[in-house]
Novice: 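Encoded as structure tokens, here's the structure I'll be asking about.
When reading the values below, keep in mind they use all heavy atoms of this one structure, side chains included, and skip hydrogens, waters and symmetry mates. If you're wondering where the values come from, they're calculated on a predicted model, not measured in any experiment.
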Amino acid sequence: MTSLAPLPTLEAAEAALRAVNPEAYARTRNHLTGAVTGLSPYLTHGLLTVPQCMAALGLPPQHKLAYEFGWREFFRHVWAHRGDAIFDSLHDGPLPEQAYCRDVPADICTAATGVPVVDEAVRTLYRTGLLHNHARMWLASYVVHGRKVHWRAGADWLYSHLLDGDLASNHLSWQWVAATGSHKPYVFDAANVARFAPPPWHSEGSAVDLSYDAWDTLARTPRALPAGDDRAAASAVPEPVCTPSPAIGGPVQAGLPDPAAFGRDARPIWLAHPWALGPAPADTQTLAVVLREAHQARPWSEPRWHWVTERMTELGGTVWVCDAAALAAWVDAVTTAGQRPERVQAVAEPHITRWLPPGIALHPAPRHFPEVAPVCASFSAWWRRASGEALPRRPHGGD
Ligand SMILES: Cc1cc2nc3c(=O)[nH]c(=O)nc-3n(C[C@H](O)[C@H](O)[C@H](O)COP(=O)(O)OP(=O)(O)OC[C@H]3O[C@@H](n4cnc5c(N)ncnc54)[C@H](O)[C@@H]3O)c2cc1C
């Protein structure tokens with residue numbers, strides 16, 4: 001990962017939180033150079049929590065930034081209620097599912113479409129592991145409505161490369177753009193890009209320079225925009241390699257430590273996993289674990305693995321890569337009947353919880369907004385119930 005990526009340390013996370021300027025955020029957040037917070041990798045990987053950010057910033061519930069934290073928790077609410085159904089279209093979109101291809105074309109994955117806004121987004125993604133929300137929306141809209149790629153293929157691809165890749169925020173945002181989770185395809189035009197992005201992104205005269213009406217019609221017909229030509233291919237960049245587990249070597253080891261080494265210490269064992277990289281509770285010993293099953297279906301890029309394992313090393317010394325059965329046996333070995341279930345503790349996080357053995361005491365992932373039931377179909381319905389406030393009419397991410 002280049003120096004453009006945020007550092008995977010608690011100090012960097014806390015510094016990013018201290019640097020947030022809510023007033024500037026509210027004015028400029030839709031601009032690619034706006035005062036966005038950069039908190040998402042820290043929130044996704046548990047170095048910070050939404051309640052901690054809300055408290056530190058003292059945000060009133062009607063602040064724009066409070067809504068955005070709200071979107072994060074709304075997507076978690078939908079995931080908690082709908083489960084794996086979020087990985088399929090929540091309802092019909094503008095076209096039948098068969099109208100979309102199931103692979104992201106090579107010219108998109110290598111930033112060689114010849115459309116500046118798309119190629120800049122992909123280059124930025126590979127260089128930093130992050131993308132501004134507006135850029136994610138433009139990219140997803142081009143992929144789904146412009147190139148007729150199924151939202152799920154686009155979502156899986158983007159998730160693999162994001163440092164903040166979160167299955168709820170990512171996959172449900174793609175569904176929102178695709179109109180399988182909202183009621184209108186999200187489309188954009190070149191003027192919108194020119195207003196919110198710096199000049200290298202401007203796309204007048206390219207394949208996406210269409211009116212909103214033409215875009216809307218395109219989203220509702222099977223026709224696709226053309227792939228990048230040979231001239232665009234000349235500036236292609238390689239897609240970073242994605243793997244289902246980190247490379248073994250140095251502090252990253254396959255297997256688990258000798259349970260006796262932990263068994264001699266009476267303190268509870270804190271399981272640091274990729275979605276719980278905050279400080280371990282006082283008076284615990286830390287075991288840092290990557291569970292193979294949690295990543296099998298959705299590999300991560302090398303830079304993301306590097307980012308995560310660097311922080312895990314800081315927490316646990318060695319990062320242990322193992323499968324769920326091995327972890328269950330290890331938990332059994334360090335746990336005597338009288339100590340269950342507090343001996344081994346972890347944060348319950350939906351990316352991993354289903355693979356954690358039953359002998360582990362789970363702490364709920366911290367939330368700012370109260371859980372509401374039944375599931376809310378829209379953010380505004382959820383916001384009304386979770387915050388007790390009405391939501392002014394506004395779009396999802398940008399103008
Ligand atoms: C196609 C697409 C894919 C996305 N994938 C992810 C993802 O994998 N992980 C992820 O954390 N966010 C995702 N988002 C949401 C959003 O783009 C990022 O959270 C945001 O860009 C992160 O930058 P930031 O921390 O500077 O955000 P800020 O604008 O500073 O917002 C502060 C925090 O609020 C939350 N937030 C802001 N906007 C949104 C939003 N639209 N939806 C949900 N939460 C939001 C995030 O936790 C963010 O860190 C996606 C959005 C789109 C359109």
Novice: Looking at Asp166, is its backbone amide N or carbonyl O close enough to the side chain of Ser169 to form a donor-acceptor pair, meaning the two atoms are under 3.5 Å apart?
Specialist: no
Novice: Closest approach of Ala280 and Thr286, non-hydrogen atoms and distance?
Specialist: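 For Ala280 and Thr286, the tightest heavy-atom pair comes out as CB-OG1, 3.6 Å.
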Novice: Please check this pair: side chain of Gln285 against backbone of Arg267, looking for a donor-acceptor N/O pair closer than 3.5 Å.
Specialist: yes
Novice: Indicate the atoms forming the closest heavy-atom contact of Val375 with Val78, along with that distance.
Specialist: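 Closest approach of Val375 to Val78: CG2-CA, 4.3 Å.
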Novice: How about His183 and His91: are their ring centres within less than 6.0 Å of each other?
Specialist: yes
Novice: With sequence neighbours left out, what residues match Asp189 under side-chain contact (heavy atoms from CB on, under 4.5 Å)?
Specialist: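 Counting only residues at least two positions away or on another chain, Asp189 forms a side-chain contact (heavy atoms from CB on, under 4.5 Å) with Ala191, Asn192, Tyr212.
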Novice: If I take atom CG from residue Asp88 and atom OG1 from residue Thr180, how far apart are they, to the nearest 0.5 angstrom?
Specialist: 10.0 Å
Novice: Is any side-chain heavy atom of Trp201 closer than 4.5 Å to a side-chain heavy atom of Pro116?
Specialist: no
Novice: Within 45° of the axis and under 6.0 Å from the centre of the six-membered ring of Tyr100, does NZ or CZ of Arg152 qualify?
Specialist: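 That pair does not qualify as a cation-pi contact.
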Novice: Atom CZ of Arg354 and atom CG of Leu291: how far apart are they, to the nearest 0.5 Å?
Specialist: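 It comes to 12.5 Å.
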Novice: Ring centroids only, cut at 6.0 angstrom: are His45 and Trp307 within range, meaning strictly under it?
Specialist: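 Yes, they do, as the ring centres are separated by less than 6.0 Å.
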Novice: Decide whether His363 and Gln345 meet the rule of one side-chain donor and one side-chain acceptor closer than 3.5 Å.
Specialist: yes
Novice: Could you tell me if Glu68 and Tyr25 have a donor-acceptor pair between their side chains, going purely by distance under 3.5 Å?
Specialist: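 No.
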Novice: Donor-acceptor pair, Ser387 side chain versus Arg384 backbone, under 3.5 Å?
Specialist: no
Novice: Could you check whether any side-chain N or O of Ser203 sits under 3.5 Å from a backbone N or O of Val115, counting only pairs where one atom can act as donor and the other as acceptor?
Specialist: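 No.
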Novice: Distance-only, no hydrogens or angles: does the Trp215 side chain make a donor-acceptor pair with backbone N or O of Phe188 under 3.5 Å?
Specialist: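 The answer is yes, because a donor-acceptor pair under 3.5 Å joins these two groups.
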Novice: Is any side-chain heavy atom of Arg311 less than 4.5 Å from a side-chain heavy atom of Leu10?
Specialist: yes
Novice: According to a 4.5 Å side-chain heavy-atom criterion applied to Ile, Leu, Val, Met, Phe, Trp and Tyr, with indirect links allowed, do Leu7 and Val308 form part of one hydrophobic cluster?
Specialist: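 No, because Leu7 and Val308 fall into different hydrophobic clusters, even though each may have its own neighbours under 4.5 Å.
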Novice: Any side-chain donor paired with an acceptor under 3.5 Å for Thr318 and Gln253?
Specialist: no
Novice: Would a single hydrophobic cluster contain both Leu43 and Leu65, if residues Ile, Leu, Val, Met, Phe, Trp and Tyr are joined by side-chain heavy-atom contacts under 4.5 Å?
Specialist: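 Same hydrophobic cluster.
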Novice: Going by the ring pair (Phe, Tyr, Trp, His ring centres under 6.0 Å) test, name the single residue among Trp71, Phe69, Phe369, Phe74 that passes it with Trp383.
Specialist: Phe369
Novice: I'd like to know if the side chain of Asp103 reaches the main chain of Pro105, judged simply by a donor and an acceptor atom lying under 3.5 Å from each other, with no hydrogens or angles considered.
Specialist: no
Novice: Answer yes if Val344 and Val347 sit in the same cluster of Ile, Leu, Val, Met, Phe, Trp and Tyr residues linked by side chain heavy atoms under 4.5 Å apart, and no otherwise.
Specialist: no
Novice: Look at Asp216 together with Lys184 and state whether they make a salt bridge at an N to O cut-off of under 4.0 Å.
Specialist: no
Novice: Is the distance from the ring center of Trp300 to that of His295 below 6.0 Å?
Specialist: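 Close enough - the centres of the two rings lie under 6.0 Å apart.
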Novice: Do we see a donor-acceptor contact under 3.5 Å between the side chains of Tyr142 and Arg147?
Specialist: yes
Novice: Tell me whether Arg304 forms a cation-pi arrangement with Tyr159, defined as NZ or CZ under 6.0 Å from the six-membered ring centre and within 45 degrees of its axis.
Specialist: yes
Novice: Would you say the side chain of Pro246 lies within less than 4.5 Å of the side chain of Val290, judging by non-hydrogen atoms?
Specialist: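 Yes; the side chains approach each other to less than 4.5 Å.
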Novice: Hey, is the main chain of Ala324 close enough, under 3.5 Å, to the side chain of Glu293 for a donor-acceptor pair?
Specialist: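 The answer is yes, because a donor-acceptor pair under 3.5 Å joins these two groups.
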Novice: Taking the six-membered ring for Trp, is the centroid-to-centroid distance between His81 and Trp382 below 6.0 Å?
Specialist: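 No, the ring of His81 stays outside the 6.0 Å limit from the ring of Trp382, centre to centre.
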Novice: Examine the side chains of Asn30 and His132 and answer whether a donor and an acceptor come within less than 3.5 Å of each other.
Specialist: no
Novice: Any side-chain donor paired with an acceptor under 3.5 Å for Gln175 and His171?
Specialist: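 Their side chains do not contain a donor-acceptor pair, so the 3.5 Å distance test is not met.
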Novice: Which distance, rounded to the nearest 0.5 Å, do you find between the CH2 of Trp275 and the CG of Leu277?
Specialist: 9.5 Å
Novice: Which heavy atom in Pro299 sits nearest to a heavy atom in Pro244, and how many Å separate them?
Specialist: CB-N, 3.8 Å
Novice: Please name the pair of heavy atoms, one in Ala35 and one in Ala24, separated by the smallest distance, quoted to 0.1 Å.
Specialist: CB-CB, 3.8 Å
Novice: Taking all heavy atoms of Thr33 and all of Pro198, pick out the closest pair and write down the distance.
Specialist: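 Heavy-atom minimum between the residues: CG2-CG, 4.4 Å.
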Novice: If you measure from the Lys or Arg side-chain nitrogens to the Asp or Glu carboxylate oxygens, is any gap between Arg127 and Glu120 under 4.0 Å?
Specialist: no
Novice: Is it true that Glu73 and Arg76 make a salt bridge, defined as a side-chain N closer than 4.0 Å to a carboxylate O?
Specialist: no
Novice: Is any side-chain heavy atom of Ile269 closer than 4.5 Å to one of Arg343?
Specialist: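 They are in side-chain contact.
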Novice: When you measure from the side chain of His202 to the backbone of Ala190, do you find a donor-acceptor pair of N or O atoms at a distance under 3.5 Å?
Specialist: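 Here the side-chain-to-backbone pair does not exist.
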Novice: Could you see if Val319 belongs to whatever hydrophobic cluster contains Val289? Use Ile, Leu, Val, Met, Phe, Trp, Tyr and a side-chain cutoff under 4.5 Å.
Specialist: yes
Novice: Taking C-beta and beyond as the side chain, do Pro251 and Trp320 meet within less than 4.5 Å on heavy atoms?
Specialist: no
Novice: Return the minimal non-hydrogen interatomic distance between Trp176 and Ser182, and the atom names on each side.
Specialist: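 Nearest pair, atom of Trp176 first, then Ser182: O-OG, 2.7 Å.
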Novice: Report yes or no: do Thr113 and Asp119 form a side-chain donor-acceptor pair below 3.5 Å?
Specialist: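 Side-chain D/A pair, Thr113 to Asp119: present.
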Novice: Judged by modelled atom types alone, do Asp164 and Ser40 share a side-chain donor-acceptor pair under 3.5 Å?
Specialist: yes
Novice: What distance separates Leu163 CG from His306 NE2, expressed to the nearest 0.5 Å?
Specialist: 11.0 Å
Novice: Check whether any side-chain heavy atom of His368 lies under 4.5 Å from a side-chain heavy atom of Thr49, and answer yes or no.
Specialist: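 In short, these two side chains do not touch, never coming nearer than 4.5 Å.
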Novice: Output yes when a side-chain donor or acceptor of Arg102 lies under 3.5 Å from a complementary backbone atom of His150, and no otherwise.
Specialist: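 No, because the side chain of Arg102 does not come within donor-acceptor range (under 3.5 Å) of the backbone of His150.
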Novice: Look only at the side chain of His351 and the backbone of Leu167, and say whether a donor-acceptor pair between them is shorter than 3.5 Å.
Specialist: yes
Novice: Start with the C-alpha distance between Glu14 and Tyr42, add both sets of side-chain angles, then the distance that settles side-chain hydrogen bond (donor to acceptor under 3.5 Å, both in side chains), and finish with yes or no.
Specialist: CA-CA 9 Å; Glu14 289 167 351; Tyr42 301 123; over 6 Å; no
Novice: Report yes if the side chains of Thr335 and Val331 come closer than 4.5 Å at any heavy-atom pair, otherwise no.
Specialist: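 They are in contact (side-chain heavy atoms under 4.5 Å apart), so the answer is yes.
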Novice: So Arg367 and Val50, do their side chains get closer than 4.5 Å, heavy atoms only?
Specialist: no
Novice: Begin from the C-alpha positions of Arg72 and Thr44 and carry the test side-chain hydrogen bond (donor to acceptor under 3.5 Å, both in side chains) through to its verdict.
Specialist: CA-CA 10 Å; Arg72 183 180 187 88; Thr44 291; 3.1 Å; yes
Novice: Between Ser89 and Glu97, do the side chains contain a donor N or O and an acceptor N or O under 3.5 Å apart?
Specialist: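 There is such a pair (donor and acceptor under 3.5 Å, judged by atom type) between the side chains of Glu97 and Ser89.
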Novice: If hydrophobic clusters are built from ILVMFWY residues whose side chains come within less than 4.5 Å, do Leu131 and Trp174 share one?
Specialist: yes
Novice: Consider only side-chain N and O atoms of Arg123 and Thr110, and report whether a donor and an acceptor are under 3.5 Å apart.
Specialist: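 On atom types as modelled, these side chains do not qualify, holding no pair under 3.5 Å.
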